[in-house]
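A quick write-up on the structure given underneath.
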Amino acid sequence: MTPNETPQACPAQEQPAGCPVPPASADPAACAPKTSRRDFLKAGGTLSLSSLMGAGALMAQSDDAHAAAEWAEHFQKNYRLMTDKEKDEARLRLEKRYSAEYGKKVTVDTTGPQPGVLMGYALNIRKCIGCRRCVHACVEENNQSRGKRPGEKIEWIQVLRMERGEFSKERMNQGYPEGLGIQVGGNAYTPAGQVLEGQYHYNPETVPEKDANYMPIACMQCEKPPCVKVCPVRTTYREGDGVVVIDYNWCIGCRMCMGACPYWARRFNVANPVLPKEEMNPVTHYLGNRPRMRGVVEKCHWCLQRSRHGRYPACVEVCPVGARKFGNLLDPNSEVSLVLARKNVFRLKAELNTFPKFFYFYD
Amino acid sequence: MKQLTRFAADYVGYVLKGGTKFYAWMGSLAVLMIGMMYVFYLQNTEGLIVTGMTSQIHDGLYFANLVFLVGVAAGAVTIVFPAYVYHHEGMHKVAVLGEMLAITAVIMVMMFVFAHMGRPDRLWHMIPPWGIYSFSSMLGWDVLVLNGYLFLNLVCGFYYLWVKYTGGQVNKKWFMPLVYIAIVWALSIHTVTAFLISTMPARPMWFHSMMPIRFISTAFAAGPALIILIFMIVRNNTKFWVDDSAIKLLATIVTWCLGIALFLTMSEVVVELYARTEHANGLYYLMFGLHGLTNLVPWFWSAVVLMVGAFILFLMPRFRNDMKLLPIPCVMAFAGIWIEKGMGLIVPGFIPTPIGEVTEYYPSFVEWLLTLGIWAFGFFILTILLKGAIGILQGEIKYGAAK
């Protein structure tokens, strides 16, 4: 798969019942619901804990789809251990609940990793102008919480604004003895080139600003993710196509993964996410952008709902300067492979041996 | 079986009886516990937004107390070890009280786990066969060793009480091995808790191999300091007499573990601040503040004053030999370590964040109330356990004695 290819339907062997094929258009409203109730009924009849619980809740005269679905969700298994049938049940349950909740037809995709695909990302830090369109596009695409209270506003991408420092001639001879008389140069403790600490809540009138560099970061989708290692319930894991995902329904909210992540890529839902009905993106993926709940951790997943169907993640699509490149690392002709082959590429905090698949490069 | 029901009935009957002082104490604890339940309900309907925790600083007061109390639980071994390995007379008499304290502390730890989690309703996800146990996760190991420790102490403690109650003999064939296992296990709980935070290179302030020994040494100072205080209260309020020899030995243990802890803190300060790399930012924030944010500075220095002061007082014979003055350095050591190992260790680990953001953490009222409530709950259980244990040790609860 390369993002340039036309979107294709899920391969037959992987296809869950009524797998919705997202349209090529970026307009999520254009995606027609294709859920087949018949397939679900066909799949039913086999006993499973989750279906029993769901049935129990339904029989308890609860016609509130929300309550019934939530009740059944409490007892479902870790996503990875679900059979295809259970995944389907979970998907339909969620689609029903979300559709009722947000007042529109919501699809929950369960497409798995495609064979022969290892997703990779490359970002040209020289091109980035710090407009933060990627940040906003990401929030809109991925149904992040957008409340007013601190902690209710979640952004997965941070564009770090880093000031450019320089050696100054005036300070050159203004060194001073420090500690036990060791001479420190006058330009010590002042940044030269790019400073290491940046801020990401900047709001200038025009970008790029003078004397500023921009360093966008998000989840690095590490090949050896420390967050996965520390998870006590294995709810966060690395998928076959190299994306680190979270089963939001299995997460216990212990936040160990947040402590372990060296890139501060993970966010915690401190409150019930604030997601207005009209702003909700109804094209979702189970492991991706489906609405989250209070008390769980979330992060960037390279827009699985798009990328698994041959589309670019929202941030790549929106970037006005083309600083963001995305594609299949196993395809030597993909953009990202070409970048790796031809450009000066580095990984962030490479010394920690996390082996990100998010690369930075410059021309 | 009949004996067992009798035991339970006698135990409960004895524990429930008490004077006005007892009921006033338990009643005021209960009030705090009701407050705790209310804010716990808030947390699980509103979310952790009612706390001061954020995505930047996502472990706060709860995690700090959790870490500290694992130390208190492990600290009980400072009674059990001299009692069973060195056959210390005075200690042997009170060993079971240490086990009761360990049980209480572990239960409190688990309550703090519940308080800390975003989804306490899903904690069963950690427990097979319904959930998944992850061997790669230190938190998984921590839950395992903590539950094991709780089990060992429940078995050892209540078996001993049971034998005293029925007037039989301890079956040393399996009791002693269990005691020895419990001693080693006590070390394991705190070591794993230290690994929990020291195995994250993303957090340079925690990422050093000194963490486990520092945890153990502070635990073996704070734990026995609390035990001394409890023994003092027991001595003065019940008919049960705790020997001076036991208290003095505990005081010696506190002194030297505190000394080692101070030495380790000093080593860390020198190593980190000599080169003063960016990795020292967390410690620097704790000691002096960073970017004008100085929230934790008074905490750190008060901890230093308390711990150094306690250490000096412990070394003065006037204090360590006078049972009236001894509680002063004990309180100081306990409070100092609670700060140093709690807020002073957990919070600056997140400051600055891995991308260099400096933010501060203010525990909210909800957090303070919930923390206070869990401590109240701990004292509630501890009072019950100690009262029952002392009743049995004193022979006031005895099989066939009732009626």
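Note that the structure is predicted; figures quoted are calculated from it, not measured.
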Who among [options] has the most heavy-atom pairs with chain B under 4.5 Å?
options	result
A:Cys254, A:Pro226, A:Gly151	A:Cys254
A:Asn249, A:Asn269, A:Thr235, A:Val228	A:Asn249
A:Ala260, A:Pro232, A:Gly253	A:Pro232

[X] versus chain B, the contacting section by heavy-atom distance below 4.5 Å:
X	answer
A:Leu348	neither
A:Ile154	neither
A:Asn78	side chain
A:Glu351	neither
A:Ile252	both

Search all heavy atoms of [X] against all heavy atoms of [Y] and return the closest pair with its distance.
X	Y	result
A:Val296	B:Arg122	CG1-NH1, 3.5 Å
A:Tyr263	B:Pro354	N-CB, 4.3 Å
B:Ile132	A:Val233	CD1-O, 3.8 Å
B:Ser137	A:Cys231	CB-O, 3.5 Å
A:His74	B:Trp124	O-CZ2, 3.0 Å

Taking every heavy-atom pair that is under 4.5 Å apart, which of [options] has the most such pairs with chain A?
options	answer
B:Thr45, B:Asn44, B:Ile197, B:Ile49	B:Ile49
B:His58, B:Arg203, B:Met200	B:His58
B:Pro120, B:Ser55, B:Ala202	B:Ser55
B:Pro201, B:Gly349, B:Gly140, B:Ser136	B:Ser136
B:Met53, B:Met126, B:Gln43, B:Met117	B:Met117

Proximal component of [X], with respect to chain A [non-hydrogen, under 4.5 Å]:
X	answer
B:Asp142	neither
B:Thr199	neither
B:Leu196	both

Whether over 12 other heavy atoms sit under 6.0 Å from [X] [atom1]:
X	atom1	answer
B:Tyr133	OH	yes
B:Phe288	CZ	yes
B:Tyr38	OH	no
A:Lys153	NZ	no

Is the A:Trp250 to B:Trp130 ring centre distance short of 6.0 Å? no

Looking just at side-chain N and O atoms, do A:Arg255 and B:His116 make a donor-acceptor pair shorter than 3.5 Å? yes

Distance alone, cut at 3.5 Å: any donor-acceptor contact between the side chains of B:Ser134 and A:Arg234? yes

Test side chain to side chain contact (heavy atoms under 4.5 Å, CB included) on B:Ile355 and A:Ile217 and set out the steps. CA-CA 9 Å; B:Ile355 63 166; A:Ile217 58 169; 3.1 Å; yes

Spatial distance of atom NE2 (B:His125) from atom CG (A:Asp247) [nearest 0.5 Å]: 8.5 Å

Flag, side chain of B:Asp59 to backbone of A:Gly259, donor-acceptor distance under 3.5 Å: no

Does the side chain of A:Cys251 reach to within under 4.5 Å of the side chain of B:Arg119, using non-hydrogen atoms? no

Using the side chain to side chain contact (heavy atoms under 4.5 Å, CB included) rule, take A:Val230 and B:Met138 through it: C-alpha gap first, then chi angles, then the decisive distance, then the call. CA-CA 6 Å; A:Val230 300; B:Met138 280 297 166; over 6 Å; no

List the steps, then state whether side chain to side chain contact (heavy atoms under 4.5 Å, CB included) holds for A:Arg294 with B:Glu46. CA-CA 8 Å; A:Arg294 156 182 58 78; B:Glu46 297 289 307; over 6 Å; no

